Amino acid sequence: MKNTDLSKKQSNTLTEARINEELRALESTWSDKPGIIGWLSTTDHKRVGFRMVFTAFCFFTFGGILAGLMRLQLSLPGNNFLGPDMYNQIFTTHGSTMMFLFAVPVMEGMGIYFVPLMIGTRTLAFPRLNILGYYTYLFGGLLLFFGLLLNIGPDAGWFAYVPLSGPEYGIGKRVDLWSQMVSLTEISALIASTNIIVTVMKLRAPGMSLNRIPLFVWSEVITAVMVIFAMPAVMIASSLLSMDRLTNVSTHFFNQAEGGDPIMWQHLFWFFGHPEVYIIFIPATGMVSMIITTFSRRKTFGYTALVLTMVATAFIGFGVWVHHMFVTPLPQLGQSIFTASSMLIVVPNGVQIFCWLATLWLGRWNLKTPLIFILGFFGVFVMGGLTGVMLASLPLDTQLHDTYFVVAHFHYVLIGGAVFPLFGAVYYWFPKFCGRLLNEAAGIAHCILFFIGFELVFFPMHILGLIGMPRRVYTYLPETGWGDLNMLASIGAAVMVVATLIFFINAVYSWFWGKVAAANPWGADTLEWSLPSPIPQYAFQYQPVVQGRHALWEQTADSPVVTGLHINNREVVSTSIHDAVPDHRYGVQGPSIMPFVVSVITGAMFIGFMFTPWSLPLGMIALFFGFLGWFWSNSVEHRPPYAPLEDNPVYDDPADYKPVEAAV
Amino acid sequence: MTRVSSQLKAASLLASACVFFFSCGHGNQSAVEPTGLQAEHLSFLWWIFLAITAAVYVVVMVILVAAFFRTQRAAAGDEADLSPDPSREKRASSVVKAAVAVTVLTMFALMLVSFRTGRALDTLSQAQTPLEIKVTGQQWWWQIEYKDPTPSNMVTTANEIHIPIGRPIKLELVSHDVIHSFWAPNFHGKKDLIPNYPTTLFFRADEPGVYWGQCAEFCGFEHAKMRFMVVAEPQEDFERWYAASQQPAPEPVTDSQKFGRDIFLKSVCTQCHTIQGTPANGRVGPNLTHVGGKPYIASGSLPNDRENLAKWITDPQAIKPGIRMPMNTYSPEELNALVDYIQSLK
Amino acid sequence: MTNEDFIGRKTLDVSELPSTMFDDQANLWWGNNWGLAIETTVFGILVALYFSVRMSISQWLPPRTTPGLPVLQNPLPDLTFPTIVLVIFLISLGPAIYLDLSARRKDIFGIKVGLVLTLAFNIVLLVCRYYEFDTLHFKWNDNAYGSVTWTILGMHMIHLFVMAAEDFYIILWAFIKGVDDKHRLDITVAAVYWYWIVATWVLLYLLVFWGPKIL
Amino acid sequence: MKLSVKLLAVLAFVLLGFVSCEREERGFRVKTPDANRINAKRLTTLQAGEVIPEPDIKNEYEENAFALSEGKRLFSQMNCVGCHAHGGGGMGPALMDDKWIYGSRPDQIFATIEEGRPNGMPSFNGKLPDYQVWQIAAYVRSLSGLVPKSAAPGRDDDMQSREPENSTEKQEPKRVNAPQ
């Protein structure tokens, strides 16, 4: 059977009886255990992904409240509302929350939820690891927040520069809370990334060759690769910091007098810290691409260019970190190289913007809330990108560095570049979460108010920075003349709060009483929209065979589906990396409580490491038994092939199968 | 909807621009109102960057708004366009390519301007006979030491730098605790003071005046109130000030001042502060030899008058919570005398 | 889509495909390798840290002047014992490769022998590692050089522990429940992990034990 | 269900917190514990009349990380290191061993600093506010491991001359006589 194409493998064997029988089996095979154990042990990527997004939005709210408190404090010169101690804890927790507990996890959560659906499969490659990652993230986040609530929040800034965060000046356990939070959330990010990469490499539906992968999936994969090379730096840095501080350990990594180096901390942190921005931004660009394609009703302009620019951004993103250190006493030549690379990164971002503009220019707009948020994204993000060009210039940065100009810049980039697309994505995908649409009018009000509030808060900050206001000051003197602009910013913060409240009310209302959505209310092109809303736990009744880049737009009524998977085991089809030719049936483990147990041990080990080094060996012993239980409960021993029905042509040799030529 | 949002955008830009002009009155701590050679280079660079990036922003927004008005509207049910008109696609593709080329060229131009400015900034460090000042960042104040070949001629003060105009200044920046950053925006960009990484900063003041600067790297509780004053004055004024600063503290004259000195010397003050010409020689806090003549106390956060001095001495923690100066209890007469004495230290 | 949409659909039947594949066709293999990519990055950063320490210390190797201990003027690490350990590491590749091949051949006896042998080597190496710390002549809190070398050795030791645990689990399964296809895949993946442990150690050994001499 | 899990987590953390938050308080506007001061100034238990029981004074600063670090800063800035080095002793006796000439109780250390001792220990009476003396007293006890390790200061960013305070093993105090 050489050189046969798809049509030779297809036969009309699906009868109603068989479909019904298989559906019943699928429902019970893929369902969770009942009760609280079931809730703790679920391996359903949709539940875990949603939980992650939900938790991240909770942290977003907390972080936002903290931002509001800071704006209250800064609204008047010489204000006494928060003292320096509280203010320092609050801005540190705000920054750490938004970066570690909101922005990265929410993007991972969206990836965990939608990547398997978009590539037409039923699960992530390692579903049990997935839930483990969620719990470690949750424990890390709770650790930070209970620290703040108990007035022991970290107070050395979200990048915790030594020596201020070191053993001599970072008094007490506050910075330890921060460093253990970082370790826990980064474990979670690394787990999610490995999972997403392998899933996309090996579990794509047949026919989804590399050049047909939806852009959001590409963005998640590229982000995941970045996470794998960026996050270890901060994990090591935070572990070394906690070792420097720890009782009976007291290492000297950042102690210059004993051969350490405080600037090394900055290198390690920013080697993670700058890619981190792209780790947040690249998934958002995936969302922008999805929304623009769907709502301009045409194929994406420059698909290949968009993928390549994401890859380029990821690469260059690792070579620009020193622009955060332009005012440190480092050799100038090296710094100039980083000016060049920091400016270079504008080029791929520019290409992205131009491709999106071209798609919009050439398409017909279906002007709904998600698209309106994307317009807001353009208005805000482009300005943030351009102020980024200013910060890339070494001489100019010496004036702008560590001022409110920088605060303005990174909020334009992060809120503009990530939160606007994210809100758009929530409006876009909300029907998939619960089967109902968010209210359009409230959505438009949310977008406009959020935009106005945002500009009021952050535009004046550019000017504040130029007229001398450094960041991280808990107050300022009346004679500095910064009062009016700060008051304006604080008023803007109130507008943003109102806008966000509209969103939350809208979300809660629509979740229960919103307009019921059809499976594909926007006429979108990716596979998740072929599923009923809300999505059943087994997701695809039959995994699809993909026939084009815009899967739903290019499929026909008789596009083939995958059969022959074992319906009593959790099986999906595993395909080859490049062409997505089926190569084996991949069975995954069902739910287990062990990931929860292991994550509790991990959390306890890391929290214990604030107090005693013995938590490491003790924790490892406990983990040994935890993983023993995990390993032992991997109960699927034999998976005999699922008996094919009669008359069904047998699928012989993976090499025989060739996907339909992709339209490039 | 986009129309509304873009109009709002324009309005907010306009409003912000207005605010910008209004706020220009406070130019004594501003990066865009340079009064020194270095800051002028930087300010020039800033306006170039602003002009170019603003132009780019406007172009992108115009394209977006134009797209909003000219594209047709569609509904969700409308068939998606999978095989668009090839000639239009090709035109769009050429435009995109051209835009990318323009982006690359613009970036390159900005990079060149940036490098040139960097080189221009470096020329000052070649200057002969700069005035050398050692600045030590401490939690949360600045120690200023004027270098002199004769140690007894060295002047030590705090939070107030007097400089002659027109002469290059060489700052030696040092920190012994955490990272601080020295920033006087009217003269130059900032430079970090990292423990064990001594560094230098060159600048020149071209116009006389009083300018402010402050710590720009988060350094603990009172980072916000770690300010300093730069007084740029003509050479002769500077010399007069310098000569006066080399003198020991004036002897108290009135009875109250004498009583105040006795209190000062008997109480906790001497553990941390130095007053030259008296036994007080603590090195922990600022040197108070000429504190009476300074316009500000508490690292530039309080005007120097009787009331503030009394407040500062009795309850510094209310003004700068977390600062290392303890609270002190004095009877009203004692406090009065102490303030008299400190004010006499011109 | 509803049930009706599927009636009479063309199908792509995959029932005859195997349920386990090896190497780059296996999900687990990829998961393991990306995990190793993370760990390689970790070691890469630790190596960078070592060089940073080298740059901060002007007199290399610094004398050991720990309060309470005799001063050591030229405290180069011992080379004999760590080199012997390195040789044991290299020898241990033998059983690992044998195990790997047996798993692919479905040679149950070979698998069991290989598993026990690799675990034995692993435990021997763990014990050796314990004594290897002493050959450094510094403690972790003497100076940054001590801190970074101890961390490198310790980090690598954690991998030895993890590998030992993994081996132990598979041995339990193999001797109690027998060897099935899935666990044959697990074994080949564990073998990759062991190759990686040995490979990284060769480089780290050179850095930690020869670095003080030649840097 | 969700709720109960979260509640449990909340509870656990709150419990943890109660143990720790006292240790993290930053007291800026500290009033001197005056009541303690009167007793602390007693130099001997010998007196006429009825025996007053030994005062049992707890120095709250010993469990507070901020106060201990302030004590450490003052220890160095008030030049205690001049004679005692970093606890190892020099001209003055070592502070990191188990030998105490004038007593190891917080009030005794307070009295030593406040009143001075023969053979060179100066009096800091009136030179430091009482609360700072208490902070130094707390720090002095941390030198021989007599305060909780979770509150004691960590290592310095400096050449190491001794074990960091939070890694010092507890030295059970022993009374010794002053060297003649």
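Just so you know, these numbers come straight off a predicted model, no measurement behind them. Here is the naming used below: chain letters follow the sequence lines, and residue numbers restart at 1 for every chain.
- Under the rule for a salt bridge (Lys or Arg N to Asp or Glu O under 4.0 Å), Asp261(A) has no partner lying at least two apart in sequence or in another chain.
- Partners of Thr42(A) under the side chain to side chain donor-acceptor pair (under 3.5 Å) rule, at least two apart in sequence or in another chain, are Asp32(A).
- Residues from residues 138-145 of chain D never place a non-hydrogen atom less than 4.5 Å from a non-hydrogen atom of chain A.
- Both the backbone and the side chain of Asp244(A) come within contact range of chain D, each with at least one heavy atom under 4.5 Å from a heavy atom of that chain.
- Glu168(A) CD to Asp158(D) CG: the interatomic distance, rounded to the nearest 0.5 Å, is 7.0 Å.
- No more than 12 heavy atoms of other residues, nucleotides or ligands sit less than 6.0 Å from atom CD of Glu60(D).
- Contacts of Leu246(A) with chain D are made by backbone atoms alone, with heavy-atom separations under 4.5 Å and no side-chain atom involved.
- Only the side chain of Tyr169(A) has a heavy atom closer than 4.5 Å to any heavy atom of chain D.
- Residue contact with chain A, scored on non-hydrogen atoms closer than 4.5 Å, involves the side chain of Pro164(D) exclusively.
- Every residue meeting the side chain to side chain contact (heavy atoms under 4.5 Å, CB included) condition with Arg26(D), not counting sequence neighbours, appears here in chain and number order: Asp85(A), Asp155(A), Ile171(A), Arg174(A), Phe221(B), Glu24(D), Phe28(D), Phe66(D).
- Ranking Ala151(D), Ser167(D), Ala65(D) against chain A, the residue ahead of the rest is Ser167(D), based on heavy-atom pairs under 4.5 Å.
- More than 12 non-hydrogen atoms from other residues, nucleotides or ligands lie less than 6.0 angstrom from CH2 of Trp511(A).
- Here the CG-CG distance, from Asp156(D) to Asn255(A), works out to 8.0 Å after rounding to the nearest 0.5 Å.
- Interface residue Ser150(D): backbone and side-chain heavy atoms are both found under 4.5 Å from chain A.
- For the atom pair CZ of Arg155(D) and OG1 of Thr251(A), the computed distance is 6.5 Å after rounding to the nearest 0.5 Å.
- The shortest non-hydrogen separation linking Gln160(D) to Glu258(A) is N-OE2, 2.8 Å.
- Counting heavy-atom pairs closer than 4.5 Å to chain A, the top-ranked of the candidates Glu163(D), Glu169(D), Lys149(D) is Lys149(D).
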